[in-house]
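The next block holds one structure in the form of structure tokens; read it before the comments.
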Amino acid sequence: METGLRNKTALVTAASKGIGKGCAAALIKEGCRVIISSSNAKNLEYALKEFSAIPGAQVHAVKCDLNLKSDIQNLYEQVKSLYGGIDILVNNCGGPHPGFFEELGEDKWDYAYDQVLMGPVRLIKLFLPSMKQKKWGRIINITSLSVFQPIDNLILSNTFRTGLTALAKTLSNRFAANNITVNNVAPGYVLTQRIKELAENKAKVTGETAEQIFEKMKSEIPMQRIGQPEDIANAVVFLASEGASYITGNTIHVDGGRVVSYF
Ligand code: NAD
């Protein structure tokens with residue numbers, strides 16, 4: 001399928017590892033100019049080096065801690081001076097702190113609010129005018145299967161990602177006439193640092209090994225495998241493409257069939 005993404009400008013946040021990195025790689029391969037950002041300068045440098053080796057890659061890296069308003073503002077200024085604006089915003093972030101309600105203090109709630117919800121709000125506010133001006137835009141939020149069914153020990157994800165989903169649907173209505181689509185991709189289990197940490201965390205509570213937790217995860221997935229960042233990236237490329245221009249306000253779960261519901 002011709003995606004029509006050549007020379008579009010895309011910003012992918014939290015892109016030095018895992019799902020964000022996979023999305024950035026896929027967009028680079030489609031011919032996009034891609035700005036990657038992350039709070040981890042070292043990993044960002046490694047990712048930039050790796051991406052620069054892709055033939056024809058147009059890639060730029062900006063360090064940005066998404067929990068810091070000033071870093072988001074700085075990211076915006078840099079992107080604006082380099083490219084004027086962006087066409088595609090992929091809102092990815094680090095995973096919210098795991099835990100049950102009783103275990104999480106207000107500091108963790110405040111952090112997750114900025115991380116999961118306000119980061120995207122701030123980025124959309126800053127980058128939307130350039131999309132409106134071009135009368136073309138794609139906003140794609142990476143959320144989680146937690147928006148379809150709560151995950152017991154991930155109450156921060158359950159709470160704030162459903163908020164982000166509501167934000168996306170509301171904005172999709174408001175900006176559809178500007179040819180700007182707003183959608184979410186909700187991963188199931190994807191093999192990254194985050195899922196390894198969650199498995200280790202769970203293993204401490206249940207007394208099992210992380211390997212046993214992984215086996216259990218696999219057994220819950222109809223496709224019997226943990227996903228790869230590329231699985232998520234493929235959905236992101238599709239939603240960014242010209243072919244997806246009539247899809248907005250939607251959430252695609254990419255989970256090997258893991259979600260136990262009709263929608
Ligand atoms: P990961 O831990 O592998 O990568 C996270 C990335 O975020 C890294 O590049 C890290 O440097 C960056 N980061 C962390 N904190 C940051 C901050 N404050 N500012 C900027 N960058 C920051 O995680 P992942 O598995 O790729 O997950 C990405 C997102 O997808 C997370 O929000 C996660 O909760 C969600 N998710 C993941 C899975 C999964 O199975 N891996 C499932 C559902 C949802």
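Predicted model only: the values in this text are computed from it and were never measured. Remember, it's 1-based here, ligands and their atoms both numbered in the order they're listed.
Just one residue in the list Asn179, Thr9, Asp87 forms a side chain to side chain donor-acceptor pair (under 3.5 Å) with Lys134, and that residue is Asp87.
Ligand 1 lies under 4.0 Å from heavy atoms of Ala14, Ser16, Lys17, Gly18, Ile19, Ser38, Ser39, Asn40, Cys64, Asp65, Leu66, Asn67, Asn92, Cys93, Gly94, Gly95, Pro96, Tyr111, Ile142, Thr143, Ser144, Arg161, Pro187, Gly188, Tyr189, Val190, Thr192, Gln193, Arg194, Ile195.
Ring centroid separation for the pair His97 and Tyr111 does not come in under the 6.0 Å cut-off.
Using a cut-off of 4.0 Å between Lys/Arg side-chain N and Asp/Glu carboxylate O, Arg122 and Asp114 are scored as salt-bridged. Remark: Arg6 does not engage Glu30 in a salt bridge, criterion side-chain N to carboxylate O under 4.0 Å.
Qualifying ring-ring contact (aromatic ring centres under 6.0 Å, His included) partners for Phe214, counting only residues two or more places apart in sequence or in other chains: none.
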(message) Quick one, Lys216 with Glu208, criterion salt bridge (Lys or Arg N to Asp or Glu O under 4.0 Å). Give me CA distance, side-chain angles, the key distance, then yes/no.
(response) CA-CA 11 Å; Lys216 230 184 220 167; Glu208 294 161 283; 2.9 Å; yes
